[in-house]
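Being a predicted model, the structure only gives us computed values, none of them experimental. One-based numbering along the sequence shown. Below, each value reflects all heavy atoms present in this structure, side chains not excepted, and no hydrogens, waters or symmetry copies.
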Amino acid sequence: QVQLVESGGGLVQAGGSLGLSCVTSGLPFSTKAMGWFRQAPGKERECIASISWRGSSVYSTDSVKGRFTISRDNAKNTVYLQMNNLKPDDTALYYCAASQGPFTTTDPNLYTYWGQGTQVTVSS
């Protein structure tokens with residue numbers, strides 16, 4: 001049974017930091033690209049970061065570049081998202097997802113497995 005479990009969300013003031021973790025089980029983690037998505041109320045789910053199977057290639061959307069960092073530890077089957085200088089617009093439900101293949105992608109249709117999400121709320 002495949003599981004992706006996110007943690008680390010919470011309430012933080014603007015300018016603060018949070019670190020999200022996504023622990024996976026039941027899938028060949030080291031062969032899969034991983035992604036972090038977010039969905040705010042009334043908005044579409046968007047890919048904010050993706051990392052290739054070995055971590056050698058990363059993608060981040062423009063709105064989080066320089067503030068968010070995606071990383072992974074294949075020995076721990078875990079992907080991380082470090083979020084710094086948070087803004088109220090970053091408020092959303094954050095999901096991790098496992099891709100079908102090894103390379104970064106922003107297409108949610110190419111992600112096979114999803115976590116339940118962790119809420120991030122940034123107050124002004």
Side-chain angles (χ1 to χ4, degrees):
Q1 181 181 358
V2 175
Q3 288 190 313
L4 286 74
V5 180
E6 303 99 335
S7 63
L11 174 64
V12 64
Q13 289 188 331
S17 298
L18 284 174
L20 305 184
S21 298
C22 173
V23 179
T24 74
S25 60
L27 77 158
F29 179 81
S30 64
T31 70
K32 305 295 186 184
M34 298 295 295
W36 282 99
F37 291 73
R38 69 184 180 188
Q39 187 166 20
K43 295 187 177 181
E44 292 188 354
R45 187 176 299 191
E46 66 167 333
C47 180
I48 56 172
S50 178
I51 187 167
S52 63
W53 62 300
R54 291 191 299 180
S56 58
S57 177
V58 298
Y59 160 87
S60 58
T61 193
D62 286 345
S63 62
V64 307
K65 277 183 180 176
R67 300 189 298 122
F68 292 11
T69 303
I70 188 172
S71 62
R72 66 189 296 158
D73 185 338
N74 286 350
K76 296 182 178 180
N77 295 333
T78 302
V79 62
Y80 305 96
L81 185 69
Q82 179 62 39
M83 306 185 294
N84 298 327
N85 191 20
L86 283 158
K87 304 176 180 180
D89 283 349
D90 294 320
T91 295
L93 190 59
Y94 284 70
Y95 301 88
C96 70
S99 176
Q100 296 175 359
F103 304 116
T104 59
T105 178
T106 62
D107 185 352
N109 295 313
L110 297 181
Y111 284 83
T112 308
Y113 300 106
W114 295 79
Q116 293 299 307
T118 185
Q119 179 67 38
V120 172
T121 303
V122 184
S123 63
S124 57

Are Val2 and Met34 linked, directly or through intermediate hydrophobic residues, by side-chain heavy-atom contacts shorter than 4.5 Å (ILVMFWY only)? yes

Find out if a path of hydrophobic residues (ILVMFWY) with successive side-chain heavy-atom gaps under 4.5 Å connects Leu81 to Leu11. no

If you look only at pairs with a residue in residues 78-124, which of them pass as a disulfide (SG to SG under 2.5 Å), with sequence neighbours excluded? Cys22-Cys96

Provide the full list of disulfide (SG to SG under 2.5 Å) pairs with a residue in residues 36-72, sequence neighbours left out, each pair given once. none

Do Tyr95 and Leu93 come close enough that some side-chain heavy atom pair is under 4.5 Å? yes

How many angstroms lie between atom [atom1] of [X] and atom [atom2] of [Y], to the nearest 0.5 angstrom?
X	Y	atom1	atom2	answer
Arg67	Met83	CZ	CE	9.5 Å
Ile48	Ser63	CD1	OG	7.5 Å
Leu27	Leu4	CG	CG	6.0 Å

Pairs in or reaching into residues 31-40: which pass salt bridge (charged side-chain N to carboxylate O under 4.0 Å, His left out), with residues at least two apart or in two chains? Arg38-Glu46, Arg38-Asp90

Residues Val12 and Leu18: closest non-hydrogen pair is CG1-CD1, 4.0 Å

Which heavy atom in Ser60 sits nearest to a heavy atom in Val64, and how many Å separate them? CB-CG2, 4.0 Å

Who passes side-chain contact (heavy atoms from CB on, under 4.5 Å) against [X], sequence neighbours left out?
X	value
Ala97	Phe37, Tyr111, Trp114
Trp53	Pro102, Phe103
Ser57	Ser52, Thr104
Asp107	Thr105, Asn109, Leu110

Give me each pair satisfying side-chain hydrogen bond (donor to acceptor under 3.5 Å, both in side chains) with a member in residues 75-86, each pair once, sequence neighbours excluded. Ser17-Asn84, Gln82-Asn84

Taking salt bridge (Lys or Arg N to Asp or Glu O under 4.0 Å) as the test, write out the residues that go with Lys87, two or more places apart. none

Among residues at least two apart in sequence or on other chains, which ones pass salt bridge (Lys or Arg N to Asp or Glu O under 4.0 Å) with Arg54? none

I'd like to know whether Ile70 forms a side chain to side chain contact (heavy atoms under 4.5 Å, CB included) with Val79, so could you lay out the CA-CA distance, the side-chain angles of the two residues, the decisive distance to 0.1 Å, and finally the verdict. CA-CA 7 Å; Ile70 188 172; Val79 62; 4.0 Å; yes

Is the OH atom of Tyr59 crowded by more than 12 outside heavy atoms at less than 6.0 Å? yes

Can any side-chain N or O of Arg72 pair as donor or acceptor with the backbone N or O of Phe29 at less than 3.5 Å? yes

Got a sec, which hydrophobics cluster with Val23, joining ILVMFWY side chains under 4.5 Å apart, including via others? none

Distance-only criterion, 3.5 Å: show the donor-acceptor pairs between side-chain atoms of residues 116-124 and protein atoms not counting sequence neighbours.
{"unit_1": "Thr118", "atom_1": "OG1", "unit_2": "Gly9", "atom_2": "N", "d": "3.2"}
{"unit_1": "Gln119", "atom_1": "NE2", "unit_2": "Ala92", "atom_2": "O", "d": "3.3"}
{"unit_1": "Gln119", "atom_1": "NE2", "unit_2": "Thr121", "atom_2": "OG1", "d": "3.4"}

Does the pair Glu6 and Tyr94 meet the rule for a side chain to side chain contact (heavy atoms under 4.5 Å, CB included), with working shown? CA-CA 8 Å; Glu6 303 99 335; Tyr94 284 70; over 6 Å; no

